[in-house]
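The figures that follow rest on heavy atoms only: side chains count, while hydrogens, waters and symmetry mates do not.
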Amino acid sequence: QVQLVESGGGLVQAGGSLRLSCAASGRTFSSYALGWFSQAPGKEREFVAAIKWGTGTTSYADSVKGRFTISRSIAKNTVYLQMNSLKPEDTAIYYCASTTNTAIVQRPDFFSSWGQGTQVTVSS
């Protein structure tokens with residue numbers, strides 16, 4: 001079992017930046033991918049970005065390409081989501097998740113372990 005703990009959310013003005021962190025523990029991650037999903041009030045959970053732990057291969061939702069960057073620190077067992085040029089529509093709870101699937105599938109049902117989430121609020 002993998003334990004995931006997110007941090008770094010908060011309130012920021014439109015155009016600003018935040019960096020989310022996801023600390024992972026419990027298993028080795030060489031075969032895992034870790035991802036970020038967002039869920040706004042009344043909406044379904046949506047894929048944001050993911051990274052393969054071993055290779056560093058990344059995948060992004062079209063809505064965040066060029067604004068968000070996912071990265072990992074193998075030494076710290078931590079995945080980061082650098083969010084720049086934030087928009088009010090980015091406001092949501094952001095969840096970290098892990099999967100043992102060999103390919104990154106941009107769907108929440110392909111991820112098996114989840115963190116508790118961190119709130120991101122972007123004011124206009």
Side-chain angles (χ1 to χ4, degrees):
Q1 193 68 293
V2 177
Q3 290 79 46
L4 304 169
V5 179
E6 303 97 332
S7 62
L11 173 64
V12 64
Q13 288 188 333
S17 299
L18 281 175
R19 188 176 82 156
L20 306 184
S21 299
C22 172
S25 62
R27 294 287 297 272
T28 57
F29 304 107
S30 60
S31 62
Y32 280 58
L34 285 92
W36 290 95
F37 288 78
S38 66
Q39 188 165 20
K43 294 189 176 181
E44 294 185 351
R45 196 165 294 189
E46 296 181 342
F47 175 82
V48 175
I51 186 167
K52 289 190 175 182
W53 191 260
T55 64
T57 302
T58 59
S59 177
Y60 294 93
D62 289 343
S63 59
V64 306
K65 283 180 181 177
R67 299 191 300 125
F68 292 8
T69 302
I70 190 170
S71 62
R72 85 245 193 263
S73 167
I74 295 175
K76 295 183 178 180
N77 273 358
T78 299
V79 173
Y80 304 98
L81 185 68
Q82 178 67 44
M83 305 187 295
N84 298 328
S85 302
L86 282 161
K87 305 175 182 180
E89 50 264 43
D90 294 320
T91 295
I93 298 174
Y94 283 74
Y95 296 91
C96 180
S98 69
T99 178
T100 56
N101 283 302
T102 55
I104 294 176
V105 180
Q106 298 184 355
R107 286 172 45 179
D109 54 336
F110 277 80
F111 288 75
S112 54
S113 296
W114 293 84
Q116 82 287 352
T118 185
Q119 177 72 47
V120 171
T121 303
V122 184
S123 63
S124 58

*asked:* Could you tell me if the side chain of Y80 sits less than 4.5 Å from the side chain of I70, heavy atoms only?
replied: no

Exercise. Do F111 and R45 have side-chain heavy atoms sitting under 4.5 Å apart?
Worked result: no

- Query: Within a strict 4.5 Å, meaning less than it, do heavy atoms of the Q119 and T91 side chains meet?
  - Reply: yes

Charged N-O contact under 4.0 Å between D90 and K87: no

Can I get a per-line list of side-chain donor-acceptor pairs under 3.5 Å for residues 16-24, giving both atom names and the distance, sequence neighbours left out?
unit_1 : atom_1 : unit_2 : atom_2 : d
S17    : OG     : N84    : OD1    : 2.9

Next on the checklist: With a 4.5 Å cut-off on side-chain heavy atoms, are E46 and Q106 touching?
Outcome noted: no

Taken to the nearest 0.5 Å, the spacing of R72 CZ from W53 CH2 works out to 7.0 Å

query = Are the side chains of T99 and Y32 in touch, meaning some heavy atoms are under 4.5 Å apart?
reply = no

Does E44 CD have over 12 foreign heavy atoms under 6.0 Å away?
no

**Message:** If you define the side chain from C-beta out and look only at heavy atoms, does anything of F37 sit under 4.5 Å from C96?
**Reply:** no

* To do: Using a 4.5 Å cut-off on heavy atoms from C-beta on, say whether the side chain of V79 contacts that of I51.
  => yes

Worksheet entry | Any side-chain heavy-atom pair of M83 and Y94 under 4.5 Å | yes

